[in-house]
Amino acid sequence: MTQIDVLPGKPLPFGATPNRLGVNFSVFSRNGTSVTLDIFDSEDDSTPSFSYTLDPEINRTGDIWHVCLTGLKPGALYLYRVDGPFDPKKGHRFNKNQYLIDPYTKALTATSIFENLPKHYKTPVDKLDIEMDHLRSAKGFPKCVVIDDEDFDWQGDSPLNYRLQDCIIYETHVKGFTASPSSEVMYPGTYRGLIEKIPYLKQLGITSVELLPIQEFDEYENANTNPRTGERLKNHWGYSTIAFFAPKATYASQQNPGYAVREFKEMVREFHKNGIEVILDIVFNHTAEGNEHGLTLNFRGFDNSIYYILDDKQKQYYKNFSGCGNTVNCNHPVVRSFIVDCLRYWVTEMHVDGFRFDLASILGRDKNGDLINEPPVLLRISEDPVLSKTKIIAEAWDAGGAYQVGNFPGRWAEWNDRFRDDIRRFWKGDDNLEAAVATRFAGSADLYQDDGRRPYHSINFITSHDGFTLNDLVSYNGKHNDENGENNRDGSDNNSSYNYGFEGPTQNSVIEEIRNRQIKNMMLSLILSQGTPMLLSGDEIRRSQKGNNNAYCQDNELSWFNWAIKEDNKEIFDFTCKTIQAKKLHAIFRRKTFFNGRSHNVSAIPDISWFGRDGKEIQWDKADHFVAYRLSGNRTETQEVSDDWDFFVMCNASIKDISVVLPSPNKGKKWYRYVDTSVAAPGDFLPENGLESLPNQRVYVLPARSTAILAGK
């Protein structure tokens, strides 16, 4: 044990900060009466090797408790204990005998909290919170790790910060992307394994990866079992954060305390070297501590009444707008600062390029849970000078009924579920979707134009981690979540899916041809619509979850990326690559501003025009599952790009072949076939230098359930 001396320390920065003397520790607790810092020699230790109870006269500034321990170095392990009133009816749950994780810790040891609980454990144990008479063992409780962020060579790296309008986002899971043996990587299921797959992502052409939560969580908190295999299920997705500053230790290829920080940085650095951004899915709306019966891990033990939204009259209970037991009090000034400090850390020290905020409407609620007109934390994030170039993307709803798509302030982008639903239903063949889907194709001006935002603030998606994969969307009429241990009650029943004649995989070539075509139709709709497309990992090779639309608990081959099917579905992969390339090559598909239906040049055609199958201006009430639009490639003031090709996009979602009368392209141009999803590969998507001139410039035969794109040049 190193000789440790105690100095008063400084209140800022929060967390454990190495300095020339040792390590400065700082933590917030307003209502706590005593704070004890415990130092451990090993992650398996049950008792500390050194403890110091902070003197409020020396080690407290305002509501911040601080101390500097000389002789400590990076890699040191520590926990806290906080004394104070245990009075749940007043919102206080202090317990001097409960070890606590530093909310600002930058790393945790890989020990699981939940794995050691009894296997029959079904509901969170409330008895643990009232054992006040003895110090619990720290064995099986993760320890905080002191990290020196200066000890890493970034080799000149910084966040890429691409313009959002130029991004193609790829949502994936760090472990799930390479955990399968079919990945054939040296370090499966890790940050390093993800590095090994960078060539694949570059081949695909995406610009940005959006990673499901990597902030430390415990995958063993799920106590359900698979009814088919009897195996205990897990929290695979990770939407249950324990430590917001700490990358998940078990995603690292080595389990040395703190090593995950280095490996995560290496991953970001290598992605940036290869021109790919890193966006993190972050979960500020709730924590892993759960409701009044949950485990005390950190926030609850430091100051429960400040960190959480409690019931107004019965403060022992938690308001649950997250659907996960508790709701973080995001707009409390202390919590607001914590959130901004966390985001700044991931940008300045970990070099990430952006964040997707899970159930972000909760960040718009006050201490009573009511929605605020101008939420301080949302405005603070949007206006923060450190984050000004950082992407901020909201999941603009929560489990408490707040649906705010189109209403987030400032420069916030949003997951556009209206796009998802309208596109799904249109291609499924539902009636009267033509006007709605046209609005989505054009960038969802109904949602984003009136407050000064742009088309790229719409994050367009058809599938995400939550729901069917694209393959399953065209292969199943209903969800098949039987292996989740909830009797198929979990997951949405509103999927707008269709199996085209058989539930699940089939050898029927006719059905398979329709499914392939519909996948191509939706890929085109997703990627070439105005707005920022987000592609679900594996959709490009028809990854299936066997009809499971809520695979949050399936840390196995059901959820993992199946690399073995890449060659079997090369046609879809190639088509996706070509569609992404078209988005990049033609700025007309990624406009900075909304269409206005006019042309800067009075002699040219408007920037966008909508047509019926008769070649005349579309009559929306008579469109009959058909939408077509012409984009003018002539340069305009608003596009700020050089002249491009004209494009005529035709979408036939009906079950009948139709003849489409073609409009005229700009003067001096004629129509060439560029894409037709009814044509067998490789003729479905022609190379830029190999387009086919149409022998008939007036009529195009468009088969059922197909998209055709003509280029005017």
Side-chain angles (χ1 to χ4, degrees), residues 423 426-427 429 433-435 437-438 440-442 513-514 516-530 571 575 578-579 582-583 585-586 588-589 595 604-620 622-634 644-713:
I423 300 298
F426 174 75
W427 283 114
L433 267 297
E434 296 81 13
V437 84
R440 305 300 153 230
F441 287 158
E513 193 279 330
I514 294 174
N516 263 341
R517 188 186 300 187
Q518 290 287 59
I519 288 172
K520 292 177 184 179
N521 290 331
M522 286 189 275
M523 278 293 186
L524 287 171
S525 295
L526 171 64
I527 296 171
L528 297 187
S529 290
Q530 302 301 323
E571 178 180 341
F575 188 90
K578 292 173 182 177
T579 307
K583 181 86 165 183
L585 287 173
H586 299 286
I588 198 169
F589 292 122
F595 295 108
I605 60 178
D607 55 7
I608 190 169
S609 308
W610 300 92
F611 295 89
R613 63 186 69 184
D614 59 1
K616 299 178 181 179
E617 182 178 347
I618 192 168
Q619 302 297 310
W620 296 109
K622 300 178 182 178
D624 192 20
H625 303 95
F626 176 81
V627 172
Y629 59 97
R630 178 183 58 193
L631 302 178
S632 173
N634 279 6
D644 200 347
W645 297 344
D646 294 339
F647 289 96
F648 186 57
V649 181
M650 300 171 277
C651 300
N652 177 16
S654 75
I655 59 174
K656 298 179 181 179
D657 299 350
I658 60 175
S659 293
V660 182
V661 177
L662 305 179
S664 300
N666 267 306
K667 185 177 180 180
K669 297 181 179 180
K670 65 178 182 177
W671 292 121
Y672 293 78
R673 183 169 69 83
Y674 188 27
V675 183
D676 190 328
T677 60
S678 70
V679 178
D684 52 353
F685 207 127
L686 298 175
E688 298 269 324
N689 60 358
L691 306 191
E692 292 182 358
S693 176
L694 297 186
N696 186 339
Q697 289 283 311
R698 291 299 298 156
V699 177
Y700 193 92
V701 177
L702 185 62
R705 296 183 176 123
S706 60
T707 302
I709 302 177
L710 308 181
K713 66 190 186 87

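- Side chain of E434 to backbone of H625: a donor-acceptor contact under 3.5 angstrom is found.
- Remark: F611 CZ to R630 CZ distance equals 4.0 Å, nearest 0.5 Å.
- Listed by first then second residue, pairs satisfying salt bridge (charged side-chain N to carboxylate O under 4.0 Å, His left out) with a partner in residues 680-691 read K520-D684, not counting sequence neighbours.
- Atoms CG and CD1, from D644 and I588 in turn, are 5.5 Å apart once rounded to the nearest 0.5 Å.
- When the shell of 6.0 Å around CD of E617 is examined, it contains 12 or fewer heavy atoms from other residues, nucleotides or ligands.
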Problem set entry | F647 vs H586, side-chain contact (heavy atoms from CB on, under 4.5 Å): CA-CA, chis, key distance, verdict | CA-CA 10 Å; F647 289 96; H586 299 286; 3.7 Å; yes

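- Residue Q518 holds its CD atom at 13.0 Å from CE of M523, rounded to the nearest 0.5 Å.
- Counting all heavy atoms, side chain and backbone alike, D624 lies closest to R613 at O-NH2, 3.0 Å.
- Judged as a side-chain hydrogen bond (donor to acceptor under 3.5 Å, both in side chains), and not counting sequence neighbours, K622 has no contacts.
- Note that SG of C651 and CG of L524 are 8.0 Å apart. Values are rounded to the nearest 0.5 Å.
- Residues K578 and P682 share a closest heavy-atom pair of NZ-O, 4.1 Å.
- Side-chain contact between F595 and Y629 is absent, with no heavy atoms from C-beta onward closer than 4.5 Å.
- Note on residues 679-705: pairs passing ring pair (Phe, Tyr, Trp, His ring centres under 6.0 Å), not counting sequence neighbours, are F575-F685, Y674-F685.
- At a cut-off of 3.5 Å, with distance as the only test, a side-chain donor of N666 or S632 sits close to an acceptor on the other residue.
- In terms of heavy-atom proximity, M650 sits nearest to L702 at CB-CD2, 3.7 Å.
- For D676, the salt bridge (charged side-chain N to carboxylate O under 4.0 Å, His left out) criterion is met by no residue, not counting sequence neighbours.
- Considering only heavy atoms from C-beta on, F441 stays 4.5 Å or farther from L528 through its side chain.
- A heavy-atom distance below 4.5 Å is found between the side chains of F589 and L631.
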Validation: residues 703-710 side-chain donor-acceptor distances under 3.5 Å, sequence neighbours left out:
from, atom 1, to, atom 2, distance (Å)
S706, OG, P703, O, 2.5
T707, OG1, N521, OD1, 3.0

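- Across all their heavy atoms, W427 and S525 have their closest contact at NE1-OG, 3.0 Å.
- Atom OG of S678 and atom CG of N652 lie 9.5 Å apart (nearest 0.5 Å).
- Checked by atom type and distance alone, the side chain of D646 never pairs as donor or acceptor with a backbone atom of P665 at under 3.5 Å.
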Just distance, no hydrogens or angles: give the donor-acceptor pairs under 3.5 Å from side chains in residues 690-699, sequence neighbours left out.
from, atom 1, to, atom 2, distance (Å)
E692, OE1, R673, NE, 3.4
E692, OE1, R673, NH2, 3.1
E692, OE2, R673, NH2, 3.3
S693, OG, K670, NZ, 3.4
N696, OD1, R698, N, 2.9
N696, OD1, V699, N, 3.2
Q697, OE1, W671, N, 2.8
Q697, NE2, W671, O, 2.9
Q697, NE2, L694, O, 3.1
R698, NH1, L662, O, 2.7

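- Within the 4.5 Å cutoff, side-chain heavy atoms of F626 are placed close to those of V660.
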